[in-house]
Structure formats: structure tokens, C-alpha cells
Amino acid sequence: MSTIPHYCTILANGKYPEHPIAQKSLTQSDFIICCDGAIAALDSDGLTPHKIIGDMDSISPTMVEKYRDILIQDTDQDTNDLEKAILYCLSQNITKIDIVGATGFREDHAIGNIFLLSKFVRQIKDIRLLTDFGLFQPISDEGTFTSFPGQQVSVFSPDPNLLIESVGLKYPLDKIPLTAIHSGTLNESISDKFSISAPNGVVIVFTTYKGKS
């Protein structure tokens, strides 16, 4: 491939996605970045990434030898492998990123990966984290989401003082702060779209797939 596209998919760990939407993002991507040891799962499924990025502490010698030409080793211990992959995307001017396999193993890793989205929302035009149940999408200031009645929606605010407003949710947010991390969970869409406003701030919105509500 002579040029790097504006859209890529990152496989964050070896917990391979099972939901068709998450799988589609990976199997139909025209540029795949694999985090370190996750290459074992990708390789076993017959897919070849364009880059493997990480500190290389969990990749087998067999995979190192097989993919040595596309390895990017970064030993910085202040960033995890997913953040290293996102930073690489930024360096290549990639403006759309799907992340899969980021919540399947340890819960502390899952929480860290989810809230990592808020760090990059102002730098990357479109970044999403896909699970087997739905999507995590960060927004800055405001955002409108295509939806369906009954879709489950949760809103997470890294800033407990940020005033948040919603339109189109069963339990409206009326310029209120989400003072605890769980305060905005278990809401529901009542229409084919809803919007969230968080002036001068960042929130992360989780929406379920159809059939997963």
C-alpha cells in the first residue's frame, strides 16, 4: 500500500470481536493496526495487519519473525499499546479510527481504554470503540446520534462539574453535572435520533446495537 488511508481499525487485544458490526469493521478495513500480542488472534483468523505497534512484551518470537517488516516497537511505559497505536494514527493524519477488542479481558484495562477516547476526541475527527454490545463514542461540545426508539444510552463525563443537556432521551439531562461515573447510565432513546450538549467539555456516549437493548 503506497499511501495510508484516512480510516483504519485497531485491534487492541486478543479478545476477538464476535458481533457482526464489530467484525465488519475489522474484516472490511483497508488499514489494520494490531496492538502487540493481539496479532496471534488476527493471524489465526487469516488476516494480516499493516502495522503491529506496542512494547512487544506479549508477542511471540514466531510472530516477531513472521511480521518483522511491519513491527513498530515503542517501549514508552507512560502509554499503553492502544494509545501508541492512536498516536501513530495521528502521526499519519488518519482522521477516522475504529477500535475493536478493547474491552474483552481485564476490567481495569477496559475502563482505561474507554476513557482514553476522551483524550483524542478534539484531535481525531471520528473515533469509536466497538464492543460486542454497542459503541462508545466521545464528543466535544455537542453531538447528534442516529438512533432508534428503545436504544439504550449511557453518558459518561470525565468532568463531574460539566453541565450536560440532552434532547431525545427518556430521562432528559437538563444542564446538570454527572457527579458520579454512573450518574448518566441506563438512559434510553425515544426517537430516531438524540443529541447531547456539553459546552466546552467532553463526554463519552455508549449506544447499544439493535437487538442488544
Side-chain angles (χ1 to χ4, degrees), residues 1 4-54 63 67 70 81-82 85-86 89 94-107 109-117 120-121 124-139 143-156 168-170 185-196 204-213:
M1 182 175 295
I4 294 178
H6 294 295
Y7 164 62
C8 81
T9 299
I10 299 171
L11 179 62
N13 64 40
K15 181 62 171 68
Y16 210 69
E18 297 178 2
H19 194 280
I21 291 177
Q23 285 191 347
K24 182 179 179 180
S25 172
L26 186 61
T27 59
Q28 296 190 3
S29 177
D30 54 6
F31 195 86
I32 298 174
I33 296 175
C34 192
C35 291
D36 207 334
I39 183 57
L42 198 68
D43 181 81
S44 67
D45 203 52
L47 294 175
T48 301
H50 296 83
K51 297 292 180 183
I52 300 172
I53 297 175
M63 292 293 106
Y67 293 105
I70 59 170
D81 289 341
L82 177 56
I86 295 173
C89 290
I94 293 172
T95 57
K96 180 179 179 181
I97 300 172
D98 280 350
I99 302 165
V100 297
T103 60
F105 289 131
R106 280 173 43 184
E107 288 81 2
H109 287 178
I111 292 170
N113 287 339
I114 290 165
F115 280 92
L116 185 61
L117 297 175
F120 294 102
V121 63
I124 299 171
K125 181 180 179 181
D126 185 357
I127 184 169
R128 311 183 302 172
L129 192 155
L130 293 77
T131 77
D132 283 328
F133 297 93
L135 303 172
F136 286 95
Q137 300 175 83
I139 60 168
T144 299
F145 298 80
T146 300
S147 187
F148 56 87
Q151 183 177 36
Q152 299 297 288
V153 178
S154 291
V155 181
F156 300 91
L169 294 183
K170 183 176 181 179
T185 61
L186 306 180
N187 214 319
E188 185 175 311
S189 175
I190 58 175
S191 184
D192 60 357
K193 65 180 180 180
F194 67 89
S195 61
I196 302 291
I204 298 172
V205 181
F206 178 78
T207 53
T208 55
Y209 304 131
K210 274 193 174 182
K212 289 290 187 179
S213 297

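Residues Leu42 and Pro49 are in side-chain contact: their nearest non-hydrogen atoms beyond the backbone lie under 4.5 Å apart. Residues Val153 and Phe145 are not in side-chain contact: their nearest non-hydrogen atoms beyond the backbone lie 4.5 Å or more apart. Counting only heavy atoms from C-beta outward, the side chains of Ile10 and Leu82 approach each other to under 4.5 Å. Side-chain contact between Tyr7 and Ser25 is present, with at least one heavy-atom pair separated by less than 4.5 Å. By the 4.5 Å heavy-atom criterion applied to side chains, Phe206 and Thr185 are not counted as neighbours.
For Ser44 (side chain) and Ala41 (main-chain N/O), a donor-acceptor pair under 3.5 Å exists by modelled atom type. Although no hydrogens or angles enter the test, the distance criterion places a donor-acceptor pair under 3.5 Å between the side chain of Thr208 and the main chain of Gln152. Using modelled atom types, one side-chain atom of Asn113 and one backbone atom of Ala102 make a donor-acceptor pair closer than 3.5 Å.
When all heavy atoms of Thr131 and Tyr209 are compared, the pair lying nearest together is O-OH, 2.9 Å. The minimum heavy-atom distance between Asn13 and Ala38, with the atom names listed, is C-CB, 3.3 Å. Minimum interatomic distance between Ile94 and His6 (heavy atoms only, all atoms of both residues): CG2-O, 3.2 Å. Scanning both residues, Lys170 and Asn187, for their nearest heavy atoms gives N-OD1, 3.5 Å. For the pair Leu11 and Gly101, the tightest heavy-atom approach, listed with the atom from each and the gap, is CD1-CA, 4.3 Å. Counting all heavy atoms, side chain and backbone alike, Ile32 lies closest to Leu26 at CD1-O, 3.5 Å.
Taking OG of Ser147 as the reference point, atom NZ of Lys210 lies at 9.0 Å (rounded to 0.5 Å). Between Thr103 atom OG1 and His109 atom NE2 the span is 13.0 Å, to the nearest 0.5 Å. Here the straight-line distance linking atom CD of Gln137 with atom CG of Asp126 works out to 7.0 Å at 0.5 Å rounding. Ile52 CD1 to Tyr67 OH: the interatomic distance, rounded to the nearest 0.5 Å, is 6.5 Å. Note: Leu169 CG to Ile190 CD1 = 7.5 Å, rounded to the nearest 0.5 Å. The line from CG of Leu47 to CD1 of Ile39 is 9.0 Å long, rounded to the nearest 0.5 Å.
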Derivation of the side chain to side chain contact (heavy atoms under 4.5 Å, CB included) call for Thr207 and Ser189: CA-CA 9 Å; Thr207 53; Ser189 175; over 6 Å; no
Test log, rule side chain to side chain contact (heavy atoms under 4.5 Å, CB included), inputs Phe194 and Gln151: CA-CA 10 Å; Phe194 67 89; Gln151 183 177 36; 4.2 Å; yes
Ile204 vs Leu129, side chain to side chain contact (heavy atoms under 4.5 Å, CB included): CA-CA, chis, key distance, verdict: CA-CA 10 Å; Ile204 298 172; Leu129 192 155; over 6 Å; no
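Here Asp132 pairs with nothing under the salt bridge (charged side-chain N to carboxylate O under 4.0 Å, His left out) rule; sequence neighbours left out.
Annotation: Lys96, atom NZ; neighbour count of heavy atoms from other residues, nucleotides and ligands within 6.0 Å is above 12. Surrounding CZ of Phe133 are at most 12 heavy atoms belonging to other residues, nucleotides or ligands under 6.0 Å away.
Between Phe31 and His50, the ring planes are parallel. Angles under 30° get that label, and only those over 60° would be called perpendicular.
With Ile99 as the fixed residue, the side-chain contact (heavy atoms from CB on, under 4.5 Å) test singles out one of Leu117, Ile33, Leu130: Leu117.
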